[in-house]
Amino acid sequence: MYLILFDVDGTLVDSQNTIFHGLKVGFAAVDLPMPDRKTALSIVGRSLEEAFLDLVGTTHADKVPAMAAAYREAKVSRRNQGLDLDPLYPGARKAIDQLHAREDFLLGIATGKAMRSVRHMFDSHDLHGRFVTIQTADTSPSKPHPDMVLRAIAETGVEPENTVMLGDTGFDMAMAKAAGAHAIGVTWGYHDHSRLVEEGADQIIQNFEELKFAVSEVMKIHKETM
């Protein structure tokens, strides 16, 4: 059996606008200046409190709880209004369905989001039933700590060498490597090609059409079976 773990923000869904809005709400709540868009989005993938701390530094660490609370409140409010629908990236659904249909593949989620946000994504895009393990910031330390991958491995019984993490940030690559798993980076997310390579990506793909071939390469699955 093989285990493929998917990051969410920047990998499965294009959430940059909703995340940026939430970050602005957080900064406004404590009267701190908002960083530029590129800097702000560079922390995507980290758990919320760690993300804000990365942006404000230890000087303003005392403001992080209020920032995170404001972000979460804004998210809940907008979702209740039917807003914050993050679209799937092109080809994501097809890739998920094709891999899910294989008897030798198990799919999972490893994200800095909360479980509530993952359920919202599943509801919005009808993705229930595809993923056998879901690891979130509710139960694990922030990426790049390997806990999410290690928990997924333990839950599924798949060996680390038969596990691959798909993500758009260096945090995803480093997390996978720290857990003894493979790492595939994607170019359409929040960190550039060089950052993914530096953090240990085994392969980097340009679109979801390339995913099955990349999985085949990194886990040495015979191409005829893909």
Side-chain angles (χ1 to χ4, degrees), residues 5-32 34-56 63-97 100 107-143 147-148 151-152 166-169 171-172 186 188-191 208:
L5 297 172
F6 291 82
D7 170 55
V8 175
D9 293 316
T11 301
L12 288 180
V13 299
D14 183 0
S15 52
Q16 59 179 309
N17 290 331
T18 59
I19 290 175
F20 191 68
H21 176 270
L23 292 174
K24 287 198 296 184
V25 169
F27 274 87
V30 294
D31 295 320
L32 286 179
M34 178 71 180
D36 64 85
R37 188 180 184 92
K38 182 176 181 180
T39 300
L41 294 178
S42 70
I43 50 72
V44 174
R46 297 274 279 159
S47 300
L48 190 55
E49 281 79 5
E50 285 78 5
F52 273 120
L53 183 59
D54 288 347
L55 292 173
V56 303
K63 293 180 169 59
V64 166
M67 298 173 82
Y71 181 106
R72 291 189 176 101
E73 288 171 8
K75 278 285 186 181
V76 171
S77 175
R78 286 174 64 83
R79 285 175 185 165
N80 288 340
Q81 298 174 61
L83 304 174
D84 279 4
L85 177 58
D86 300 322
L88 290 171
Y89 283 104
R93 176 181 296 281
K94 180 179 178 182
I96 290 169
D97 287 344
H100 173 63
L107 307 184
I109 295 288
T111 177
K113 283 182 173 295
M115 182 64 78
R116 176 175 58 193
S117 296
V118 174
R119 292 196 183 105
H120 176 70
M121 180 188 72
F122 286 176
D123 291 341
S124 299
H125 298 292
D126 190 22
L127 290 175
H128 291 285
R130 273 80 160 182
F131 302 95
V132 300
T133 179
I134 302 170
Q135 307 303 324
T136 71
D138 296 324
T139 54
S140 289
S142 182
K143 299 174 183 178
D147 187 69
M148 290 187 194
R151 282 175 177 264
L166 182 75
D168 67 298
T169 69
F171 307 131
D172 298 308
V186 307
W188 54 83
Y190 297 106
H191 287 176
F208 271 105

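- Within the model, atoms CZ of F20 and CG of D36 stand 8.0 Å from one another, a figure rounded to the nearest 0.5 Å.
- Summarising the geometry of A74 relative to V25, their closest heavy-atom pair is CB-CG1, 4.0 Å, with the distance given to 0.1 Å.
- Between S142 and F171 the shortest side-chain heavy-atom distance does not fall below 4.5 Å.
- A 4.5 Å side-chain heavy-atom check between T18 and K75 finds at least one atom pair inside the cut-off.
- H191 places no side-chain N or O within 3.5 Å of a backbone atom of V44 that could act as its donor or acceptor partner.
- For the pair L5/T133, a side-chain contact is recorded, criterion being any heavy-atom separation below 4.5 Å from C-beta on.
- The closest side-chain heavy-atom distance from Y190 to Q16 is below 4.5 Å.
- Across all their heavy atoms, D126 and R93 have their closest contact at O-NH1, 3.6 Å.
- For the pair P141 and S47, the tightest heavy-atom approach, listed with the atom from each and the gap, is C-OG, 4.5 Å.
- A distance of 11.5 Å separates CD1 in I43 from CG in L53, rounded to the nearest 0.5 Å.
- A distance of 13.5 Å separates CZ of R46 from CZ of F52, quoted to the nearest 0.5 Å.
- L127 places a side-chain heavy atom less than 4.5 Å from the side chain of L88.
- Below 30°, between 30° and 60°, or above 60°: for W188 and F208 the angle between ring planes is between 30° and 60°, a tilted geometry.
- Using a 4.5 Å heavy-atom threshold, the side chains of M67 and L23 count as separate.
- The distance from atom CG of L41 to atom OG1 of T169, rounded to the nearest 0.5 Å, is 12.5 Å.
- In this structure, a donor-acceptor pair under 3.5 Å is present between the side chains of S140 and D147.
- Smallest separation of non-hydrogen atoms from A68 and E49: CB-OE2, 3.5 Å.
- Between the side chains of N80 and S77, no donor-acceptor pair is found at a separation under 3.5 Å.
- Looking at every heavy atom in both residues, D7 comes nearest to G167 through CB-CA, 3.9 Å.
- In terms of heavy-atom proximity, T39 sits nearest to S42 at O-OG, 2.6 Å.
- When side chains are defined from C-beta on, V56 does not count as touching K63, because their heavy atoms never get closer than 4.5 Å.
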If you look only at distance, which donor and acceptor atoms sit under 3.5 Å apart when one is on a side chain in residues 108-122 and the other is two or more places apart or in another chain?
residue : atom : partner : partner atom : Å
T111    : OG1  : K113    : N            : 3.0
K113    : NZ   : D9      : OD1          : 3.2
S117    : OG   : R79     : NH1          : 3.2
S117    : OG   : R79     : NH2          : 3.2

side-chain contact (heavy atoms from CB on, under 4.5 Å) evaluation trace for D123 with H128: CA-CA 7 Å; D123 291 341; H128 291 285; 2.5 Å; yes

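- Atom-to-atom distance recorded for F6:CZ and L107:CG is 5.5 Å, nearest 0.5 angstrom.
- Taken from CZ in F27 to CG in L55, the straight-line distance is 4.5 Å, to the nearest 0.5 Å.
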